[in-house]
Novice: 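Right, I'll just put the structure down here and ask away after.
Just so it is clear, the values below take in all heavy atoms, side chains as well, and ignore hydrogens, waters and symmetry mates.
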Amino acid sequence: MEDKKISEKESLALIAHMIQETQERYSKYAAYPLLIWGYTTVLVTLSVWALFLCTHSSQIHYLWIALPLIAFPLTLFCTRNEKKVGVRNYVDRVIGYIWKVIGTAGGALSVLAFFVREVQILFLIALLMSIAAALAGMVSKFRFLAICGVAGIALSLVFPFISGRVEQLPLFAFNFVLIMIIPGHILHRQLKRS
């Protein structure tokens with residue numbers, strides 16, 4: 001096979017094409033995980049909050065286990081056709097790695113929080129997921145996702161100033177509306193337009 005040298009202009013055009021392709025693919029399939037994990041997190045968070053306020057039982061916190069049990073299979077089901085779209089480029093893989101690495105860290109911290117009460121889990125998860133949203137938005141050049149992620153980072157810095165996990169729950173839910181649900185709907189709307 002013959003190596004063909006491309007000019008600087010052709011190289012920039014190729015990079016721009018790859019980014020555009022990633023944005024189109026990302027808007028189609030990133031909307032589903034953002035919406036699924038966003039809505040599931042908000043629903044579980046508000047359920048834990050309401051049930052704890054009614055019962056004052058710490059057993060309510062086992063309801064958090066429903067989050068991955070609901071969101072993970074739904075995400076797999078809704079993105080099952082993603083691999084049929086075509087070749088994943090470098091930007092696609094980077095975005096996938098961002099969510100996998102930060103999601104795995106968040107999952108590990110969540111398990112740790114069940115055993116070590118001192119772990120400020122809501123603060124850490126809000127911060128990690130906001131960082132992931134900001135990075136994914138920056139890499140894919142979806143400014144709104146990047147802006148919402150940065151706003152989520154700023155919002156998560158409020159958690160240490162709110163005493164008690166139960167009091168932090170409404171802010172935690174709002175953070176996921178900001179970093180996942182709103183950008184997810186915007187990405188989904190972009191898909192319908194294109």
Side-chain angles (χ1 to χ4, degrees), residues 27 29-79 98-100 102-137 142 144-191:
S27 66
Y29 292 105
Y32 299 132
L34 285 173
L35 292 171
I36 291 166
W37 284 92
Y39 276 113
T40 306
T41 302
V42 169
L43 178 67
V44 170
T45 301
L46 295 178
S47 297
V48 167
W49 184 51
L51 290 170
F52 186 83
L53 291 177
C54 292
T55 66
H56 296 286
S57 170
S58 61
Q59 302 298 319
I60 297 301
H61 290 289
Y62 287 108
L63 189 57
W64 288 109
I65 295 169
L67 178 57
L69 293 177
I70 295 169
F72 191 69
L74 272 174
T75 302
L76 290 176
F77 178 76
C78 290
T79 60
I98 289 169
W99 285 110
K100 285 175 186 165
I102 294 181
T104 302
L109 284 170
S110 298
V111 170
L112 180 66
F114 268 104
F115 301 105
V116 182
R117 290 284 181 216
E118 292 78 30
V119 174
Q120 297 296 315
I121 192 63
L122 297 176
F123 162 65
L124 291 172
I125 296 298
L127 181 62
L128 283 174
M129 294 304 117
S130 297
I131 290 169
L135 288 173
F142 278 111
F144 193 77
L145 180 59
I147 290 166
C148 286
V150 170
I153 292 169
L155 184 61
S156 68
L157 298 177
V158 174
F159 280 85
F161 299 102
I162 300 173
S163 62
R165 285 187 188 169
V166 174
E167 291 78 11
Q168 293 176 349
L169 289 172
L171 183 63
F172 187 74
F174 178 73
N175 194 56
F176 275 81
V177 169
L178 179 66
I179 66 169
M180 290 192 171
I181 294 174
I182 295 171
H185 280 292
I186 289 171
L187 287 171
H188 188 68
R189 195 172 305 130
Q190 284 180 353
L191 168 68

Novice: Got more than 12 heavy atoms from elsewhere within 6.0 Å of CZ, Phe144?
Specialist: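 Atom CZ in Phe144 is packed in, count exceeds 12.
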Novice: Write down the atom of Ala113, the atom of Ile121, and the distance for their closest heavy-atom approach.
Specialist: CB-CB, 3.7 Å
Novice: What orientation do Phe172 and Trp64 show, parallel under 30°, tilted 30 to 60°, or perpendicular over 60°?
Specialist: perpendicular
Novice: Write down the atom of Ala136, the atom of Ile98, and the distance for their closest heavy-atom approach.
Specialist: N-CD1, 4.2 Å
Novice: Quick one: are Leu128 and Leu109 in side-chain contact, heavy atoms under 4.5 Å?
Specialist: yes
Novice: Can you find a pair of side-chain heavy atoms, one from Leu187 and one from Phe142, that are under 4.5 Å apart?
Specialist: yes
Novice: Do any N or O atoms from the side chain of Thr40 and from the backbone of Trp37 form a donor-acceptor pair under 3.5 angstrom?
Specialist: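 The answer is no, because no donor-acceptor pair under 3.5 Å joins these two groups.
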Novice: Looking only at non-hydrogen atoms, find the nearest pair between Ala132 and Trp99 and report the distance.
Specialist: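 Answer, listing the atom of Ala132 first, then Trp99: CB-CZ3, 3.5 Å.
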Novice: Say whether, by atom type as modelled, one donor and one acceptor occur between the side chain of Gln168 and the main chain of Ile162 under 3.5 angstrom.
Specialist: yes
Novice: Write down the atom of Pro160, the atom of Leu157, and the distance for their closest heavy-atom approach.
Specialist: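 Closest heavy-atom pair between Pro160 and Leu157: CD-O, 3.4 Å.
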Novice: Begin from the C-alpha positions of Phe176 and Thr45 and carry the test side chain to side chain contact (heavy atoms under 4.5 Å, CB included) through to its verdict.
Specialist: CA-CA 10 Å; Phe176 275 81; Thr45 301; over 6 Å; no
Novice: Please give me the minimum heavy-atom distance between Ser156 and Phe123, naming the atom from each residue.
Specialist: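 Answer, listing the atom of Ser156 first, then Phe123: O-CD1, 3.1 Å.
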Novice: Would you call the rings of Phe52 and His61 parallel, tilted or perpendicular, taking 30° and 60° as the class edges?
Specialist: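 Answer is tilted, since the angle falls between 30° and 60°.
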Novice: Rounded to the nearest 0.5 Å, how far apart are CG of Leu178 and OG of Ser130?
Specialist: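 Between Leu178 CG and Ser130 OG, I get 7.0 Å after rounding to 0.5 Å.
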Novice: State the OH-CG distance between Tyr32 and Leu74, to the nearest 0.5 angstrom.
Specialist: 13.0 Å
Novice: In Å and rounded to the nearest 0.5 Å, what is the CG to CD1 distance from Leu43 to Ile70?
Specialist: 7.0 Å
Novice: To the nearest 0.5 Å, how far apart are CG in Leu34 and NE2 in His185?
Specialist: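 The CG atom of Leu34 sits 10.5 Å away from the NE2 atom of His185.
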Novice: What is the minimum heavy-atom distance between Ile181 and Leu35, and which atoms define it?
Specialist: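 Taking Ile181 first and Leu35 second, the nearest heavy atoms are O-CD2, 3.6 Å.
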Novice: So, taking the atom named CD1 in Ile147 and the one named CD1 in Ile179, what distance separates them when rounded to the nearest 0.5 Å?
Specialist: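 Answer for the CD1-CD1 pair, Ile147 versus Ile179, is 15.0 Å.
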Novice: Is any side-chain heavy atom of Glu167 less than 4.5 Å from a side-chain heavy atom of Trp49?
Specialist: no
Novice: Measuring from atom CG of Leu169 to atom OG of Ser47, what distance do you get when rounded to the nearest 0.5 angstrom?
Specialist: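 One gets 10.5 Å once the value is rounded to the nearest 0.5 Å.
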